[in-house]
J.: 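Got a structure for you, questions after.
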Amino acid sequence: MKTIIEPFRIKVVEPLQMRTREERESIVRKAGFNMFLIPAADVLIDLLTDSGTGAMSSLQWAGVMAADESYAGSPDFFHFERVLREITGFHHVLPTHQGRASERILFELLGGPGRVVPNNAHFDTTRANIEHSGAEAVDLPIAEARQPRLAHPFKGNMDVAALEALIQRVGRENIPVVMCTVTSNSFGGQPVSLANLRAIRDVCDRYGLPLFLDACRFAENAWFIKQREAGQHDRPVRAIVRDMFDLADGATISAKKDGMVNIGGVLLVRDEALFQRASNLLILTEGYVTYGGLAGRDLAAMAQGFREVLDEDYLCYRIRSAEYVGEKLLAAGIQIIEPPGGHAIYIDAAAFCPHIPATQFPGQALVVALYRHAGIRGVEIGSVMFGGGGHAAPALELVRLAFPRRVYTQSHMDYAVEAIIEVFRDRDQLRGLRIISEPPALRHFLVRFEEIA
Ligand code: F0G
């Protein structure tokens with residue numbers, strides 16, 4: 001069969017709210033043209049993020065009902081720990097409330113002034129936590145990652161030569177950890193190959209440095225490896241996942257992505273002493289080590305979610321959905337980051353509306369147009385998100401349409417594609433924006449704009 005179906009059927013439905021174009025016009029103005037300030041009830045198809053927005057399975061919900069809520073030593077913690085040990089091979093498993101909580105604990109322990117943390121590409125919360133500790137976060141993507149039109153199977157790869165050069169320049173004693181983000185969210189949801197992970201590991205070994213994964217989308221990354229990397233096609237995803245984790249000394253995970261839950265995170269550590277220090281911080285700021293800021297029911301849902309994400313029928317459908325949208329946009333002449341990413345499509349907004357200069361936020365103009373035209377909510381990843389606060393303007397002006405897991409069907413995707421193509425036909429009408437107020441850090445969440453006449 002050629003048709004790839006959603007490998008689930010729907011047991012519970014949530015009605016979508018239809019708003020008129022006039023209603024959306026007043027909603028977007030009231031929100032200062034910022035998608036984060038639009039009430040979710042006023043959004044028809046929400047592609048703001050794939051984080052925490054997925055649908056849980058019947059078995060996850062069953063786990064929620066059956067879970068034990070003891071403060072210490074809940075059986076659901078031990079089950080969660082067993083599942084994570086089985087999948088990742090890590091003995092020390094700490095639950096946290098989400099990915100950035102794992103990051104905060106890690107960088108409070110390993111960061112600090114004068115330290116430098118390399119990564120293929122830091123996600124914004126990782127960068128912010130590193131910088132908050134006083135350390136410097138450095139992105140080392142391969143050169144291909146910065147070229148949207150270039151199709152490369154592993155655009156998430158790290159530039160290993162640049163890593164080595166950085167270590168020699170700043171000194172190994174100033175690098176507490178090397179990070180690698182799988183898949184690379186900041187560069188288009190693109191995967192990192194096993195060969196690249198091994199090459200990073202080699203450099204780390206030569207300089208005696210630990211390697212940590214930012215493993216939010218580890219299963220999607222493994223699926224890409226299975227599809228694209230020589231010699232991997234016949235191996236189970238579970239074995240590839242294990243290879244990825246075996247190369248690392250630790251991992252921060254937001255379970256809101258491939259953990260298939262609405263809230264939850266994990267911190268994995270191999271080193272005994274670091275584990276003890278992380279446990280102490282976890283207790284201080286998140287919760288006791290057997291719940292880490294979560295309820296027992298969240299641990300039950302996570303344990304089941306981490307199992308389900310390894311289902312290859314699911315991963316095939318998942319990765320194909322993004323590819324399907326990407327192919328249709330490309331066929332209509334709309335430039336996206338090629339090839340399509342695992343969890344999202346990234347539209348090249350600078351190419352979409354070349355009449356709007358970066359100083360007038362072309363990505364934000366496109367995001368506003370998609371909401372206005374069809375009630376679709378995407379997110380700008382460009383000068384709004386990364387500019388301001390003394391940061392240089394980013395290389396790419398992108399709009400990310402991220403796909404929640406198991407939530408929307410193919411007809412929702414067809415609707416989204418049709419809407420984007422309609423906006424593209426009338427792209428001359430898109431108008432730039434001017435900032436009228438902004439907060440000092442992570443400005444995209446609260447910034448307000450006005451349209452330039
Ligand atoms: N690392 C990566 C690669 C991420 O994509 C995210 C979150 C985090 C860390 C932080 O995890 O949100 O659970 O604290 N990404 C979401 C997104 C927010 O929309 O891409 P968190």
Side-chain angles (χ1 to χ4, degrees), residues 35-36 40 43 46-54 94-108 117 119-132 137 139 141 145 155-156 158 177 179-192 212-221 224 244 248 250-268 282 285-286 292-294 298 301-302 305-306 309 322 337 341-346 363 367 377-382 384-386 398-405 407 442 444-445:
M35 294 299 122
F36 289 97
V43 175
D46 204 346
L47 307 181
L48 185 70
T49 178
D50 65 320
S51 180
T53 52
L94 292 173
T96 61
H97 81 274
Q98 63 184 82
R100 69 197 72 179
S102 303
E103 293 164 3
R104 191 197 51 74
I105 291 171
L106 184 67
F107 294 114
E108 186 166 335
V117 180
N119 198 328
N120 51 344
H122 292 277
F123 182 66
D124 59 1
T125 58
T126 324
R127 172 177 291 280
N129 272 294
I130 290 168
E131 290 175 353
H132 184 70
D139 287 349
K155 262 183 160 171
M158 186 185 293
V177 61
M179 298 285 299
C180 186
T181 307
V182 294
T183 57
S184 173
N185 189 7
S186 307
F187 280 96
Q190 304 288 326
V192 178
F212 270 57
L213 298 181
D214 175 341
C216 299
R217 300 177 180 87
F218 68 97
E220 292 173 4
N221 197 86
F224 280 120
M244 290 164 49
T252 54
I253 307 180
S254 167
K256 300 171 74 172
K257 285 80 168 175
D258 279 352
M260 311 271 249
V261 287
N262 305 117
I263 196 73
V266 188
L267 178 58
L268 301 173
L282 184 80
T285 58
E286 285 276 302
L294 295 166
D298 299 320
M302 265 207 282
F306 276 110
V309 80
I337 289 192
H343 66 294
I345 289 295
Y346 295 66
V367 153
R377 176 156 73 166
V379 68
E380 192 262 12
I381 302 197
V384 177
M385 188 177 276
F386 297 122
L398 301 170
V399 167
R400 185 185 75 174
L401 303 176
F403 306 116
R405 290 168 182 75
V407 169
L442 293 174
H444 51 288
F445 291 123

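Counting starts at 1 for both ligands and their atoms, following the listed order. What you see is a predicted model; the values in this text were computed from it and never measured.
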J.: Would D50 count as a polar contact of ligand 1, with the cut-off being nitrogen or oxygen pairs under 3.5 Å?
T.: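 No, no N or O pair falls under 3.5 Å.
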J.: Which of the numbered atoms in ligand 1 are under 4.0 angstrom from any heavy atom belonging to G99?
T.: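 It comes down to these atoms of ligand 1: 11 (O), 13 (O), 14 (O), 21 (P).
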J.: Are R104 and T285 linked by a side-chain donor-acceptor pair shorter than 3.5 Å?
T.: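 Yes, side-chain donor-acceptor contact under 3.5 Å.
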J.: Heavy atom under 4.0 Å from ligand 1: found in R400's side chain, backbone, both, or neither?
T.: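 For R400, only side-chain atoms sit under 4.0 Å from ligand 1.
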J.: Taking only heavy atoms of T181 into account, list the atoms of ligand 1 that are under 4.0 Å away from them.
T.: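 The atoms of ligand 1 under 4.0 Å from a heavy atom of T181 are 3 (C).
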J.: Under 4.0 Å between a side-chain nitrogen and a carboxylate oxygen: does that hold for R405 and E220?
T.: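 Here R405 pairs with E220 in a salt bridge, since their nearest N and O are under 4.0 Å apart.
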J.: For the residue pair K155 and I337, establish whether any side-chain heavy-atom pair is separated by less than 4.5 Å.
T.: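 In contact.
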J.: Just wondering, do V379 and M385 contact through their side chains at under 4.5 Å, heavy atoms?
T.: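 A side-chain contact exists here, since the closest heavy-atom pair is under 4.5 Å.
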J.: Between T183 and ligand 1, is there a nitrogen or oxygen pair with a distance under 3.5 Å?
T.: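 It does not: no N or O of T183 is found under 3.5 Å from an N or O of ligand 1.
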J.: So which heavy atom in the protein is nearest atom 9 (C) of ligand 1, and how far is it from that ligand atom?
T.: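 Ranking protein heavy atoms by distance from atom 9 (C) of ligand 1, first comes E103 OE2, 3.0 Å.
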J.: In the structure I gave you, are the side-chain heavy atoms of F212 and L268 within less than 4.5 Å of one another anywhere?
T.: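 A side-chain contact under 4.5 Å is absent here.
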J.: Would you say the ring centers of F36 and H444 fall short of 6.0 Å from each other?
T.: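 For F36 and H444, the ring centres are under 6.0 Å apart.
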J.: Would you kindly say whether R400 and N185 are connected by a side-chain donor-acceptor distance under 3.5 Å?
T.: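 On atom types as modelled, these side chains qualify, holding a pair under 3.5 Å.
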J.: Among all protein heavy atoms in this structure, tell me which lies nearest to atom 18 (C) of ligand 1, with the distance rounded to 0.1 Å.
T.: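 Nearest protein contact, heavy atoms only, for atom 18 (C) of ligand 1 is F123 CZ, 3.8 Å.
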J.: Side chains of H343 and D258: closer than 4.5 Å at any heavy-atom pair?
T.: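 They are not in contact (no side-chain heavy atoms under 4.5 Å apart), so the answer is no.
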J.: Can you list the ligand 1 atoms lying under 4.0 Å from a non-hydrogen atom of K256?
T.: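 By the 4.0 Å cutoff, the relevant atoms are 13 (O).
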J.: Considering only heavy atoms from C-beta outward, does the side chain of M158 approach that of V192 to under 4.5 Å?
T.: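 Side chain of M158 against side chain of V192, heavy atoms only: no contact under 4.5 Å found.
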J.: Answer yes or no: does an N/O atom from N185 fall short of 3.5 Å to an N/O atom of ligand 1?
T.: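 Yes, since at least one N or O of N185 sits under 3.5 Å from an N or O of ligand 1.
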J.: Just distances here: any N/O of T49 and N/O of ligand 1 closer than 3.5 Å?
T.: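 Yes; the residue has a nitrogen or oxygen that sits under 3.5 Å from a nitrogen or oxygen of the ligand.
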J.: Are the side chains of L47 and P404 in contact, using a 4.5 Å heavy-atom criterion?
T.: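 Counting from C-beta outward, P404 and L47 do come under 4.5 Å.
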J.: Can an N or O of L48 be found at a distance shorter than 3.5 Å from an N or O of ligand 1?
T.: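 Looking only at distances, the answer is no, because the N/O contact criterion of under 3.5 Å is not met.
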J.: Which option wins on minimum heavy-atom distance to atom 3 (C) of ligand 1: D214, V379, T125, V182?
T.: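 Among D214, V379, T125, V182, the closest heavy atom to atom 3 (C) of ligand 1 belongs to D214.
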J.: For atom 13 (O) of ligand 1, what's the nearest protein heavy-atom neighbour? Residue, atom name and distance, please.
T.: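 That would be S254 OG, 2.6 Å.
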J.: For atom 21 (P) of ligand 1, what's the nearest protein heavy atom and its distance?
T.: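 Ranked first by proximity to atom 21 (P) of ligand 1 is Q98 NE2, 3.4 Å.
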J.: Check whether any side-chain heavy atom of N120 sits under 4.5 Å from a side-chain heavy atom of F187, and report yes or no.
T.: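 No, side chains not in contact.
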J.: Can C216 be said to touch ligand 1, with heavy atoms closer than 4.0 Å?
T.: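 Checking ligand 1 against C216, which is what was asked, there is a heavy-atom contact under 4.0 Å.
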J.: Counting only heavy atoms, which portion of R100 has something under 4.0 Å from ligand 1: side chain, backbone, both, or neither?
T.: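 Both backbone and side chain.
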J.: So for K257, does at least one of its heavy atoms come nearer than 4.0 angstrom to any atom of ligand 1?
T.: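 Yes, that is the case, since the closest heavy atom of the residue is under 4.0 Å from the ligand.
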